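Notes for the one structure printed next.
Note that ligands are numbered from 1 as they come in the structure, with each ligand's atoms numbered from 1 the same way. Model, not experiment: these values are computed from the prediction.
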Amino acid sequence: MRVDRRNFLKISGLTGAYVMSASANELNPLKSDKEKTFIGGCPVNCGSKCMLKAHVKDGIITHMTTDDDGDDTYENRQIRACVRGRSTRYRYYNPNRLLYPLKRVGKRGEGKFERISWDEAINTIASKMKEVKEKYGNEAFYILYHTGTIGSTMAGWLDGCYHRLLSLFGGYLNYHNSYSTAQIANGLACFYGKNIGSDIENLAHAKLAVLFGSNHAETRMGGSSIGYSLQQMREKNSTRIICIDPQYNDTMIGNGDEWIPIAPGTDAALIAGMAYVVIKENLYDKEFLDKYCVGFSKETLPEDASENSSYMDYILGTGYDKTPKTPEWAESITRIPASRIIKLAREIASAKPCFIEQGWGPQRHQNGEQTSRAIATLACMTGNVGILGGNTGGRGGSSWNFDTTPMPFDNPVKTSIPCFLWYEGVRLGEKMNALEHGIRNAESLKAPIKIIFNLGGNCLTNQHADIQTTGKILEDESLCELIVDVNITRTHSNSYADIILPSALSFEYNDIVRVTMGDCSTRPYAIFAQKAIEPLGETKTPYEICTLLANKLGGREFEAQFTEKRTWDEWLEWLWNDTTKKYSFLPSYNEIKTKGFWKINKPVKPRIALENFINDPKSNPLNTPTGKIEIYSTKLAEMKKTWKLLPGQQIEPVPVFEDVLMGPRDPMREKYPIQFYGYHYKGRTHSSFWDSPAIRELNPQEILISKFDAKSRDIKTGDKVIVENHIGKISGIAKVTSRVIPGAALTYQGSWAKFENGIDVGGCINTLTSDQPTAIAKGNGVHSVLVEIRKA
Ligand SMILES: Nc1nc2c(c(=O)[nH]1)N[C@H]1C(S)=C(S)[C@@H](COP(=O)(O)OP(=O)(O)OC[C@H]3O[C@@H](n4cnc5c(=O)[nH]c(N)nc54)[C@H](O)[C@@H]3O)O[C@H]1N2
Ligand SMILES: Nc1nc2c(c(=O)[nH]1)N[C@H]1C(S)=C(S)[C@@H](COP(=O)(O)OP(=O)(O)OC[C@H]3O[C@@H](n4cnc5c(=O)[nH]c(N)nc54)[C@H](O)[C@@H]3O)O[C@H]1N2
Ligand code: SF4
Ligand SMILES: [Mo]
């Protein structure tokens, strides 16, 4: 069969005609005798990287299945793909699939493009790169944060060939942080010296587990993922699980014993209320706090700390705000009854070991750094750090894993910006600095960002924040002069591109897919992802794209410098051999290539985070200025004195509850009374899979609103509603539910923005989010949103 756009629908089996005319064998492709099976992996960024098998007949993937190897016990698990992964062939044969290079013909954002040749596309990019390098220097090049290819070795997120090419060409502006974890990573770095959690398998050894905004059942869905481990551990020991979350999430449904609904962005207030109880009732682990921690009480404050600046001062009302954090005070903010806060504090303090964990939802708020630190403080107050069955309060991770070696590169430019603030790099350029914007390794930028490479992401608009304001920055061609987007599909982001390059997908080239560090539980694996079909249309692999670009930038010599005269398959072997040098437990290249996958079935002892420090703190100091756990952070105390913050922001050395922009006590709430955020849900991976009709049909975009708030607004399930604030307006279909705390409403992050008469009828959450960065990490506090909802 010829493969082109006209018959994609037919190939994908989506038209009635095809179904009607299909023979029994066509509809049940497992019966086909001519097909060949290829092993590969699902490289999207959902935290898992499951095995996929492509069944190919006449050069076409007819269907996909997944791992069916072994006896499917916990120890010998199958890395089974979720329904999204199994729908992957719709990403290949999709009417949206990009097949040719495109150049923009309308205004940026208008979405008008024309087909061009590869030669023209690469020439345009290369000549602009030379011009910008000459005029502004290499700091004007920027690779935007993107996660669409995170599991791939060739195209991988932080590695990949583009970094090598740009490094050889003189470098590019770096970024630090992620859109996932900026606040917790920076918050816990000022607490434990790093962002760290114990293996989820500790849960089997715990008497109680308290999960703050931790939804592994939905955010770690793969067959070898933490979601599976959580469920297995719970079955092993019937550990009682309390879920503290504004929503009755999927983890609660499958595994939880009790849901404590909490107002979004208020966990630090809940912890403070509980701290008040454990201090007053003398239930806290004083020995642990004195031995390992700094600044819980005044006895352990550093010498240069100001008076009354300990966490205890903050709690008892002798601190800076002179407010005792009684359970009643906490109730007024969290909307959890004071009686429940008291009971919860006693329960946690008396159930040792207690597995205290947070997902990344609580920290994706404007006050997320302190929220993450407050939850960690609860783990310290109750002495649950560094013991079997306990946890740091951080996100539960894996015991061990490995990273494949990326293509080698050494970026001569060292300056780095917080990834969320790329738009300030475009807008403010040289005015962007360390004390206001958190840039690292330089006082300020040398040049504005003039060329953006978006290499597998939708963070120019859709996944960023305040889409419309960001769109205006991008529209201005005098600011960013060239936007190159490499993707497999049209997106809202690439409607702002000047050149769009069509990428080949995995199964269209050989690659190695490995699980992201920390995202599977104790049993790592790797998949040799085989080429199963020819790249569709004129799509090219990242390696081919970079090789072409190298040639145009510096001729044969520069091309050879980039490729070292290796084919991609030769590189893959080289990279894997280098990886096995670092991780001796891995199989040889020939073995993994022949077998297609490798997994370890040997059980290992679950990692207990900070175990060495707890056993011997003198010999194993933490990477904090004092070497101890800093409940009072000396680094934050310093930042409090020197950093320039936005109006309304604060930095405190101890984990206080902060009132923030669009937080629960923002006066704006009179006009926009509902707290609103978009969570990570099973129907998509961010914006990925939105254009898989089969998946979309099963997972319609919805606005989840509590019965209470729906009633007062006369909203019923199925009603079309408008959600709006001072930033933007979206429309969507309401679903009235008891699964959301009254006063809050939710949607699924990642739906595709589409503006009609100023309303985003695509219902993208980032039409309503603020682009204001958080105080400490300069991260995306996009879960802090206030809105009003009304019937359309
Ligand atoms: N409001 C709000 N915003 C958020 C979040 C939130 O919770 N709320 N979450 C944030 C988080 S944690 C993250 S990680 C980001 C994620 O944001 P993104 O990294 O932008 O993730 P996706 O939307 O999945 O975009 C991946 C893109 O890669 C493309 N792609 C897939 N395969 C390939 C390939 O082989 N080659 C190329 N070149 N492209 C490919 C896909 O088509 C898709 O457009 O979103 C962030 N944005
Ligand atoms: N299916 C699927 N899985 C994914 C992804 C996806 O898009 N789809 N994305 C992947 C990526 S890149 C990332 S970074 C992770 C994201 O993982 P997370 O950031 O942990 O996911 P979220 O859905 O934002 O939040 C998790 C839970 O926190 C709750 N929550 C939100 N705000 C608060 C709060 O203030 N307090 C408390 N206690 N709870 C709160 C939410 O209701 C949700 O149940 O997921 C990964 N996994
Ligand atoms: S859980 Fe994630 S990696 Fe696994 S199949 Fe689903 S989308 Fe792909
Ligand atoms: Mo993420």
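Around atom 39 (N) of ligand 2, the closest heavy atom drawn from G213, S48, P264, G368 belongs to G213. For atom 30 (N) of ligand 2, the nearest non-hydrogen atom from the set Y679, F689, Y677 belongs to Y677. When H680, R364, K682, R684 are checked for heavy-atom proximity to atom 8 (N) of ligand 2, R684 turns out nearest.
Proximity of Q358 to ligand 2 is not established, as no heavy-atom distance is less than 4.0 Å.
Residues L344 and I242 form a side-chain contact, since some pair of their non-hydrogen atoms from C-beta on lies under 4.5 Å apart.
Near atom 4 (Fe) of ligand 3, less than 2.8 Å away, sit the protein N, O or S atoms C50 SG.
Taken from OG1 in T371 to CD in E658, the straight-line distance is 7.5 Å, to the nearest 0.5 Å.
Residue G361 has at least one nitrogen or oxygen atom sitting less than 3.5 Å from a nitrogen or oxygen atom of ligand 2, judged on distance alone.
Taking the six-membered ring where the residue is Trp, Y681 and Y748 present parallel rings, their angle staying beneath 30° rather than reaching 60°.
Both tests do not hold together for R669 against Y672: distance to the six-membered ring centre under 6.0 Å, angle to the ring axis within 45°.
Here the heavy atom of the protein found nearest to atom 35 (O) of ligand 2 is G265 N, 2.7 Å. Residue, atom and distance of the protein heavy atom nearest to atom 34 (C) of ligand 2 are D267 OD1, 3.5 Å.
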